[in-house]
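The block underneath contains the structure these notes are about, expressed in structure tokens.
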Amino acid sequence: MSDPSPDSARPVKRARLDDNTAPSQSTHTSAPAPQAATLASKTAIDTDLEREVRAGITEYVCPDNLGFTGVLKQRYTDFLVNEIALDGQVLHLKSTRPPRKERKQANGTDGNNVGGQKEVGKEEKLVVKEENGDAEVPVLQSGGSTAVEAPVKAEDAPEQGGEVTKEEGDQQAEVKEEELKDDDRDTLHSIFGEDTTKQIVKLVGQVRRREHKKAKDFKAVIAQPITDKETRTQAHQSLRRIFPNLLESSMEADQSIRIKATPPAERKGKNKGKGGGRDRGDGPRQGGKGPQMWEELGGEYLHFNLYKENKDTMEIVGFLGSKLGGGAKAFGFAGTKDRRACTVQRVCVKRQTAERMFSFNKILYNSAIGDWEYRPHDLKLGDLMGNEFTISLRDCHFEGEEGLDFEQRYDLANRVVGKAIEDFSEKGFINYYGLQRFGSFAASTDSIGRKMLQDDLKGAVEDILAYGDVALAAALGNLPADSDVLVSHDDRNRAKALHLWHTEGKSNVALDVLPRKFTAERNMIQHLGSRNSRNGQYDRKTDWQGALMTIPRTLRLMYVHAYQSLVWNAVAGKRWATHGDKVVEGDLVLVHEHRDKEAKKDTVKQEDIDDSGEVVINPTGSENANAGAEAFERARPLTAEEEKSGQYTVWDIVLPQPGYDVEYPNNYIGDFYKEFMGSEKGGGLDPQNMRRGWREVSLSGGYRKFLARPLKPVEFEVHKYVKEDEQFVETDLQRLRKADGEASQPDRTANGDTKEDVEMEDGEEKEAEVEGQKKLAVVIKLQLASSQYATMALRELMKAGGVKAYKPEFMGGR
């Protein structure tokens, strides 16, 4: 994600309160407070199974397997998420300590020489000495992605206006290739071949020699076509890593790669500050030449691993940004991670040192940062292969366990889970969008998006500003005495504020009560209750589009994306129920994935990502009409001959998200799009008419794989346990503390409990292990691509109603 900001963060997740209760709407001019007697029948909460049906999640790939139930996320440590980088590496927090820096002279003498004087004319180099080792490594190599230094020193450069001959350029290229690190040279050779690598290095030498020249003055290098998508991605990333700010690459129509010089503004001097060319960042400087020093470190972006527990990604990034003074915009990351979980992800920040960032570990709560590395480029949404999930399911019960003793239940558990995982790894699961895509209030995000697409902007605003009677009753102290519904402090204040707005119409009164974390509601009320600057009147209470425009763009798009997801889910279920895993005539496949099977070549472009950071094959590179035409991706229907050829499998099939620039299946499934979208649930919309006057909701559409499967075989363990808070998996932070020998401090769990809190007191007799007290837990480890939902994978494994989401107690306004 580039330039993330607090107001563009994903909306804060709110605990589901009363899905059965129709929301109170802003159309009420006088909304009396709900009476306690009327609430007794309204506190029931829909089951996840009912919510799945409403979201179009209905089918299973292996419906005949035995199912099981289990409690999910009872503790933070029950849900571990470790990001998988583009190179396939699973990220773990291994160290929080920064590298120790020492100054060394070029002649090898210590910088603290006799008399304290530095030897004139000698170049200083920064070296790193690891805390646990004696070897000294130049910082130039510590970033892991060293940029090649210019072969010609500044004093040897030609005077302004001087030209470089072809022979000089060739000589530079030879020197440049010799200075490439062996692994970098091998990487380029493996991707482009030896001849093309020489041309690339020659181009780099020419660009370095004539940095003031325009990009068009250098002849581009055209590499041979690369048909494999992963290899192409590696090619782009390797060029960016090895030659930062010097080369840019793009794919041609025939899948060859064009490599050319970057514009002069993007080369070495592009990041000079206004203060006489000095680096304005807080990082190291050498003789006032900040950019050169960052290059020596490995790049101006500091990459690090972020470990967090029960916190949103933006919560940590926003906190760090406030301490640095630049806000969250200085940070980049590949995607947000679950809140109620222990997660590890890669984050980067521009022009900050590891030493300064390390100092924040002292004030971070339930989180830590480490594993520092300087890189020449930042991180953006989608820069990940996927995530590894380690999920602990507690108090599990299995179909067919009635009448069995505990040991027999344990054996049954291993058989049921083992068979489910074997089929799951082989046959995969329907790639449904998970329930989190649709929100948890009665006015779901897809219903808001549907109204926006229907041009019912008033209805969309009313749904966003809706509140439940239970939450309001809790805020006013009118809940029945025997009610077991626990409403957080923030949800109570939200309901009270919206009630004040609906009944009194005074924005300042409502905003005084409304918690600031409810960004959408707050921005809309501010707009609807504000004075019109053109006429001085308070006439914006019906400016519905203006109110919606005050919501952060990513949140606005989330609503219409949720509608697309609802349609996709419904169609995917119908596709499986109708054809199963068979390939049929008219099914869609992505053009670029099967170019080797076609005689005709079409234009190929790159893929895009959606607002949640998930990779989505997108025909116009965006979900709105503001998209350019430079990032197209196409799908096409299979012919009858291709269906029978055996060259295509169910794993190749994609289904479109509805939009004005997608191909629909040329079969019954294509007709089902019209049937569903034209229904009441679908909003009476036409899949062939998705352009809107409001361009931001004028959807272009996209493609998503019909079936998904894990990136590697799934692992599982069945555990016997007695104590409710027993922990089955060690977190990265616990493992790190153990390795660091923090024996002087009491061992703590991820929830902050001391070891004594968890273990039984000395001399206390163990609890009697009677059959009724013993329980079974299942720990599952699986890797999923970034566009796949772990909850949907669990649904396939556990079957209907298997996942029992843990309902936490009152959380004091969190």
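These figures come from a predicted structure and were not determined experimentally. Worth knowing before you read on, the calculation uses all heavy atoms, side chains too, and leaves out hydrogens, waters and symmetry mates.
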Given ring-ring contact (aromatic ring centres under 6.0 Å, His included), test Tyr721 with Phe728 step by step and report yes or no. CA-CA 9 Å; Tyr721 73 103; Phe728 308 110; 5.3 Å; yes

Which label fits Phe706 and Trp576: parallel for a plane angle under 30°, tilted from 30 to 60°, or perpendicular past 60°? tilted

At what distance, to the nearest 0.5 angstrom, does CG of Leu393 lie from CZ of Phe716? 12.5 Å

Within the structure provided, determine whether Glu717 and Ile780 are in side-chain contact (heavy-atom separation under 4.5 Å). no

Any residue meeting side-chain hydrogen bond (donor to acceptor under 3.5 Å, both in side chains) with Arg415, in chain and number order, not counting sequence neighbours: none

Could you walk me through whether Tyr76 and Thr731 pass the side chain to side chain contact (heavy atoms under 4.5 Å, CB included) check? CA-CA 10 Å; Tyr76 310 146; Thr731 69; over 6 Å; no

Got a second to check how far Trp568's CH2 is from Arg575's CZ, nearest 0.5 Å? 11.0 Å

If only atom types and distance count, is the side chain of Gln788 paired as donor or acceptor with the main-chain N or O of Ala785 below 3.5 Å? yes

Leu66 versus Val416: any side-chain heavy-atom pair under 4.5 Å? yes

Cation-pi check, Arg704 onto Tyr433 ring (under 6.0 Å, within 45° of axis): yes

Taking the basic N atoms (NZ, or NE/NH1/NH2) and the acidic carboxylate oxygens, is any pair closer than 4.0 Å for Glu593 and Lys705? yes

Quick one: are His397 and Arg409 in side-chain contact, heavy atoms under 4.5 Å? yes

Would Glu83 and Val344 count as a side chain to side chain contact (heavy atoms under 4.5 Å, CB included) if you check the C-alpha gap in whole Å, the side-chain angles of each, and the deciding distance to 0.1 Å? CA-CA 6 Å; Glu83 193 169 272; Val344 179; over 6 Å; no

Side chains of Asp446 and Ser444 only: does a donor on one sit below 3.5 Å from an acceptor on the other? yes

Taking all heavy atoms of Ser425 and all of Pro710, pick out the closest pair and write down the distance. CA-CG, 4.2 Å

Is there a donor-acceptor contact under 3.5 Å from the side chain of Asp405 to the main chain of Glu407? yes

Strictly distance-based, threshold 3.5 Å: is any side-chain N or O of Arg437 a donor or acceptor partner for the main-chain N or O of Leu566? no

Under 6.0 Å from the ring centre and within 45 degrees of the ring axis: does the NZ or CZ of Lys781 meet both conditions for the six-membered ring of Phe389? no

Side chain to side chain, Tyr307 and Ile316, heavy atoms closer than 4.5 Å: no

Contact check, side chains of Ile369 and Thr96, non-hydrogen atoms, under 4.5 Å: no

Are side-chain N/O atoms of Tyr432 and Asn569 paired as donor and acceptor at under 3.5 Å? no

What's the verdict on salt bridge (charged side-chain N to carboxylate O under 4.0 Å, His left out) for Asp371 and Lys94, showing C-alpha distance, side-chain angles and the deciding distance? CA-CA 6 Å; Asp371 304 312; Lys94 299 177 181 178; over 6 Å; no

Looking only at atom types and distance, does a side-chain atom of Gln345 sit under 3.5 Å from a main-chain N or O of Gly335, one as donor and one as acceptor? yes

Say whether, by atom type as modelled, one donor and one acceptor occur between the side chain of Asp383 and the main chain of Ala334 under 3.5 angstrom. no

Scanning both residues in full, the closest heavy-atom pair of Cys396 with Gly70 reads SG-CA, 4.0 Å

With the threshold set at 4.0 Å, does a side-chain nitrogen-carboxylate oxygen contact exist between Lys738 and Glu730? yes

Any idea which heavy atoms bring Ala368 and Leu733 closest together, and the distance? CB-CD1, 4.2 Å

Answer yes when Glu724 and Lys775 have at least one side-chain N-carboxylate O distance shorter than 4.0 Å, and no when they do not. yes

Side chain to side chain contact (heavy atoms under 4.5 Å, CB included) between Ser565 and Phe438, worked out: CA-CA 8 Å; Ser565 302; Phe438 306 97; 3.9 Å; yes

Side-chain heavy-atom pair Met314, Phe333 within 4.5 angstrom cut-off: yes

If every non-hydrogen atom of Asn305 is compared with every non-hydrogen atom of Leu93, which pair is closest and at what distance? O-CD1, 4.1 Å

Do Asp490 and Arg494 sit within salt-bridge range, that is, some charged N less than 4.0 Å from a carboxylate O? no

Given side chains that start at C-beta, do those of Val779 and His719 come closer than 4.5 Å, heavy atoms only? yes

Got a second to check how far Phe79's CZ is from Gln74's CD, nearest 0.5 Å? 15.0 Å

With a 3.5 Å cut-off and no angle check, do the side chains of Gln408 and Glu401 form a donor-acceptor pair? no

Closest non-hydrogen atoms of Thr336 and Thr313, given as atom of the first, atom of the second and distance, are CA-OG1, 3.6 Å

Residue set satisfying side-chain contact (heavy atoms from CB on, under 4.5 Å) with Lys574, at least two apart, ordered chain then number -> Thr578, Tyr668, Ile669, Phe672

Between Glu309 and Ser367, does any side-chain donor sit less than 3.5 Å from a side-chain acceptor? no

Salt bridge check: are Asp732 and Arg735 linked by an N-O gap of less than 4.0 Å? yes

Below 30° counts as parallel, above 60° as perpendicular, anything between as tilted: where do the rings of Phe304 and Trp372 land? tilted

Consider only side-chain N and O atoms of Asp491 and His489, and report whether a donor and an acceptor are under 3.5 Å apart. no

Closer than 4.0 angstrom, basic N to acidic O: yes or no for Lys308 and Glu315? no

Nearest-0.5 Å distance, CD1 of residue Ile430 to CE of residue Met792: 10.5 Å

Counting only N and O atoms by type, is there a donor-acceptor contact under 3.5 Å from the side chain of Asp338 to the main-chain atoms of Arg340? no

Is Asp78 paired with Lys73 through a side-chain N to carboxylate O contact shorter than 4.0 Å? no

Could you go through Phe424 and Phe429, starting from their C-alpha distance and side-chain angles, then the distance that decides it, and tell me whether this counts as ring-ring contact (aromatic ring centres under 6.0 Å, His included)? CA-CA 7 Å; Phe424 175 84; Phe429 61 102; 5.4 Å; yes

With a 4.5 Å limit on heavy-atom distance, are the side chains of Thr791 and Gln436 in contact? yes

What are the two closest heavy atoms between Tyr410 and Val718, and how far apart are they? CE1-O, 3.6 Å

Suppose we screen for side-chain contact (heavy atoms from CB on, under 4.5 Å). Which residues come up paired with Val90, at least two apart in sequence or across chains? Asn82, Ile84, His92, Glu388, Gln783

Checking side-chain polar atoms at under 3.5 Å, does Asn65 have a donor or acceptor matched by the opposite partner on Asp423? yes

Basic-acidic side-chain contact under 4.0 Å: Glu399, Lys799: no

Thinking salt bridges, do Glu726 and Arg75 make one under a 4.0 Å N-O criterion? no

Can you tell me how far NZ of Lys582 sits from CD1 of Ile653, rounded to the nearest 0.5 angstrom? 12.5 Å

Quick one, Leu80 with Val729, criterion side chain to side chain contact (heavy atoms under 4.5 Å, CB included). Give me CA distance, side-chain angles, the key distance, then yes/no. CA-CA 9 Å; Leu80 310 186; Val729 182; 3.4 Å; yes

With a cut-off of under 6.0 Å to the ring centre and 45° to the axis, is Arg795 in cation-pi contact with Tyr60? yes

